[in-house]
Amino acid sequence: MQRRAAGTRTSARRRITASTAWTASVVLSVGLLTPVPAEAKPKPTRKELTAQQKKLADEAEKLSEQYNGLRERLRQAQKAAAVAKTSADRQKKTLAEARDRIAKLAADTYKNGPVDPAISFASAGDPQAVLDRSAALNYFASQDNTRIVQLLQTMQGAERARKAAEARASQVRRLTDEAKKKRGELQVKLKKVERQLGTYSSTGSRPGSIPSVGSGGASAKAMGAVRAALSQLGVPYSWGGGTASGPSYGTAQGANIKGFDCSGLTLYAYAQVGISLGHYTGSQYSAGTHVSQSQLKPGDLVFFYSDLHHMGMYIGNGKMVHAPQTGDVVKIAPIAGRPFAGGVRLA
């Protein structure tokens, strides 16, 4: 009996121990399976967000002028392709006409049959005329053959030029599409930062009254351009925006907005006084006479950074009117604070 009782107690202890071990195993497994709460990522400070905004806006502006430059190159490449195609088509037509003449001459010769030159010479009333005519025919036949070879070479050259121009246009079109894609990605990041800062706005204020600006010795045309630019104060910045007739739709901040980018504003302003500019800081930098910062007069174009990715129009007293960046509007600002790259006088 004692042995049986001892065995019963031992068996009970084993069952309790096994049950406890199983329970501990389940608890441990559940603990391992339960996800550990992720540590909350600290929110960026306003200073950090402002730094991010400045960096992204600067990148967006660089990309904007790269895009504008690509658009200029694309227009030039497309124009060159069109000229080359016209030239190739013209050469093809001229070659076809020359070939038709030779084919007609060959058909006439076949139809009338060959004539023995000796018989023609002997039976002619004027043998010298036969000799002259024969020499002339040989001369023109030789000339036609030479002309056809030249036409063929010219046509082949025109075709090569057309294909090369079309290839350039295709390459620039691809680069332009890539710039658009990068712009879209950048705008999403910038919009997120601006919303965190509470500075995002999809519309600008309406243009107000034009402030009075002294001429400072500037020409009448330059002052006309200044007034045209100042008339757009408050119009929103728009990536790739601006035409000779006014603001154009861009896609600043991911939405369609009618406004200007920096070179679009100056393009518009000078178009109002009859001066045509390209929609690109690089082409505008080469459009007039270069002046130093100390020589600036109202109406002069002012450029910043070594890659010229930002510009404005000088209005005197160390200030300019410009379209600053995504999320902003056309405004007056000091030219100080940005690395000055040069000034250009157009009028």
If Ile, Leu, Val, Met, Phe, Trp and Tyr residues are connected whenever their side-chain heavy atoms lie under 4.5 Å apart, and connections chain through other members, are [X] and [Y] in the same group?
{"X": "Leu233", "Y": "Ile335", "answer": "no"}
{"X": "Phe260", "Y": "Val273", "answer": "yes"}
{"X": "Leu308", "Y": "Met313", "answer": "yes"}

Worksheet item: What residues, two or more places apart in sequence or in another chain, satisfy side-chain hydrogen bond (donor to acceptor under 3.5 Å, both in side chains) together with Thr266?
Response: Gln284
Item to complete: Sequence neighbours left out, what passes side-chain hydrogen bond (donor to acceptor under 3.5 Å, both in side chains) with Gln295? Give chain and number order.
Response: Ser292
Please give me the minimum heavy-atom distance between [X] and [Y], naming the atom from each residue.
{"X": "Val235", "Y": "Lys258", "answer": "CG1-O, 4.0 Å"}
{"X": "Ala222", "Y": "Pro298", "answer": "CB-O, 3.6 Å"}
{"X": "Leu277", "Y": "Ala287", "answer": "CD2-CB, 3.8 Å"}

Flag side-chain contact, heavy atom, 4.5 Å: [X] against [Y]:
{"X": "Ile315", "Y": "Pro211", "answer": "no"}
{"X": "Asp261", "Y": "Tyr237", "answer": "yes"}
{"X": "Val321", "Y": "Val226", "answer": "no"}

Worksheet item: With no hydrogens and no angle check, is any side-chain donor or acceptor of Thr243 less than 3.5 Å from a backbone partner on Ser248?
Response: no
Let me confirm one number: the [atom1]-[atom2] distance from [X] to [Y], rounded to the nearest 0.5 Å.
{"X": "Ser263", "Y": "Met311", "atom1": "OG", "atom2": "CE", "answer": "6.5 Å"}
{"X": "Leu230", "Y": "Leu265", "atom1": "CG", "atom2": "CG", "answer": "9.0 Å"}
{"X": "Leu346", "Y": "Leu301", "atom1": "CG", "atom2": "CG", "answer": "4.5 Å"}
{"X": "Met320", "Y": "Lys331", "atom1": "CE", "atom2": "NZ", "answer": "10.5 Å"}
{"X": "Leu267", "Y": "Cys262", "atom1": "CG", "atom2": "SG", "answer": "11.0 Å"}

Worksheet entry | Qualifying ring-ring contact (aromatic ring centres under 6.0 Å, His included) pairs, either residue in residues 269-294, two or more places apart | Tyr285-His290, Tyr285-Phe303
Item to complete: Please collect all ring-ring contact (aromatic ring centres under 6.0 Å, His included) contacts where either partner lies in residues 313-347, sequence neighbours excluded, each pair once.
Response: His310-His322
Worksheet item: Among pairs that include at least one residue of residues 212-230, which meet side-chain hydrogen bond (donor to acceptor under 3.5 Å, both in side chains), considering only residues two or more places apart or in two chains?
Response: none
By side-chain contact (heavy atoms from CB on, under 4.5 Å) - contacts of [X] (at least two apart):
{"X": "Ser306", "result": "none"}
{"X": "Ala228", "result": "Tyr268, Ala269, Gln272"}
{"X": "Ala82", "result": "none"}

Discussion item. I need the full list of salt bridge (Lys or Arg N to Asp or Glu O under 4.0 Å) pairs touching residues 284-310, with sequence neighbours left out, sorted by first then second residue.
Written reply: Asp300-Arg345
Worksheet item: Mind checking what makes salt bridge (charged side-chain N to carboxylate O under 4.0 Å, His left out) contact with Arg338, not counting sequence neighbours?
Response: none
